[in-house]
Student: 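Below you'll find the structure I mean.
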Amino acid sequence: MSQKPKDKVMRVEIHSMAGSPLVLENVSAYNVLLSDGGWLGILPGHTHLVAATVDGEARYTIGEEQFTKHISSGILSVADNVVSILTTK
């Protein structure tokens, strides 16, 4: 399986106030639940953004595989193909 070009993937960093950060590389799609109750889908090249998130499952894709990860409420930012989330726990 060939790797996707760098501009077709992004990095996701989840920083918890209670522990070590989780860094996901080569993510091709990321979906997270926002505080208004809707889902936000993020693809490589997404415009800069800051948003509040709530407790829930985030979904992401690396290569052809899809994953889920529970995240706590926090603040999400997107800039330069990096999704950063600061969570409360």
Side-chain angles (χ1 to χ4, degrees):
M1 174 182 275
S2 63
Q3 280 196 340
K4 295 186 180 196
K6 287 286 185 191
D7 60 283
K8 300 290 185 191
V9 295
M10 56 194 167
R11 185 169 78 200
V12 176
E13 301 173 351
I14 303 171
H15 301 272
S16 168
M17 302 287 271
S20 300
L22 171 65
V23 177
L24 307 169
E25 299 285 351
N26 299 316
V27 176
S28 57
Y30 191 78
N31 296 286
V32 64
L33 188 59
L34 298 179
S35 62
D36 69 359
W39 284 93
L40 173 66
I42 302 168
L43 298 172
H46 198 285
T47 190
H48 291 201
L49 170 76
V50 175
T53 64
V54 295
D55 286 351
E57 296 296 317
R59 298 184 298 237
Y60 59 97
T61 305
I62 298 176
E64 300 297 318
E65 273 192 87
Q66 294 184 353
F67 302 90
T68 60
K69 169 78 176 147
H70 181 84
I71 62 167
S72 299
S73 61
I75 301 295
L76 171 141
S77 70
V78 179
D80 303 322
N81 277 342
V82 177
V83 177
S84 298
I85 304 172
L86 176 61
T87 65
T88 55
K89 48 184 165 179

Student: Looking at OG of S77 and NE2 of H48, how far apart are the two atoms once the value is rounded to the nearest 0.5 Å?
Tutor: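 Reported to 0.5 Å precision, the distance equals 9.5 Å.
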Student: Atom CG in L86, atom CE in M17: separation rounded to 0.5 Å?
Tutor: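 It is 5.5 Å, given to the nearest 0.5 Å.
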Student: Give a yes or no on whether the backbone of G74 and the side-chain of T53 come within a donor-acceptor separation of less than 3.5 Å.
Tutor: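 At least one qualifying donor-acceptor pair exists.
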Student: Does any N or O in the side chain of S72 come within less than 3.5 Å of the main-chain N or O of K89, such that one atom is a donor and the other an acceptor?
Tutor: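 Answer holds: yes.
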Student: Suppose we screen for side-chain hydrogen bond (donor to acceptor under 3.5 Å, both in side chains). Which residues come up paired with H15, at least two apart in sequence or across chains?
Tutor: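 H15: side-chain hydrogen bond (donor to acceptor under 3.5 Å, both in side chains) contacts with E13.
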Student: Against I71, only a single residue in T88, V54, D55, V32 fulfils side chain to side chain contact (heavy atoms under 4.5 Å, CB included); can you say which?
Tutor: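 Looking at T88, V54, D55, V32, the match for I71 under the side chain to side chain contact (heavy atoms under 4.5 Å, CB included) is V32.
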Student: Output the distance between atom CG (L24) and atom CZ (F67), rounded to the nearest 0.5 Å.
Tutor: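 Going from the CG atom of L24 to the CZ atom of F67 covers 9.0 Å.
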Student: So do the side chains of E57 and L33 get within less than 4.5 Å of each other, counting heavy atoms only?
Tutor: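 A side-chain contact is absent here, since even the closest heavy-atom pair is not under 4.5 Å.
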Student: Roughly how far apart are I85 CD1 and I14 CD1, rounded to 0.5 Å?
Tutor: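 So the gap between those two atoms works out to 5.0 Å.
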Student: R59: which residues meet the side-chain hydrogen bond (donor to acceptor under 3.5 Å, both in side chains) condition with it, sequence neighbours left out?
Tutor: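 Scan of R59 (side-chain hydrogen bond (donor to acceptor under 3.5 Å, both in side chains), adjacent residues dropped) gives none.
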Student: Sort out for me which residue in V83, V78, L76 forms a side chain to side chain contact (heavy atoms under 4.5 Å, CB included) with L40.
Tutor: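 Exactly one option meets the side chain to side chain contact (heavy atoms under 4.5 Å, CB included) with L40, and it is L76.
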Student: Ignoring hydrogens, what is the shortest heavy-atom contact between G41 and N31? Give both atom names and the distance.
Tutor: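 Taking every non-hydrogen atom into account, CA-OD1, 3.2 Å.
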Student: Between atom CE of M10 and atom CG of L43, what is the distance when rounded to the nearest 0.5 Å?
Tutor: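 CG of L43 is found 6.0 Å from CE of M10.
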Student: Decide whether V82 and V23 are clustered together by the hydrophobic rule: side chain heavy atoms of Ile, Leu, Val, Met, Phe, Trp, Tyr closer than 4.5 Å, transitively.
Tutor: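 No, V82 does not connect to V23 through the hydrophobic network.
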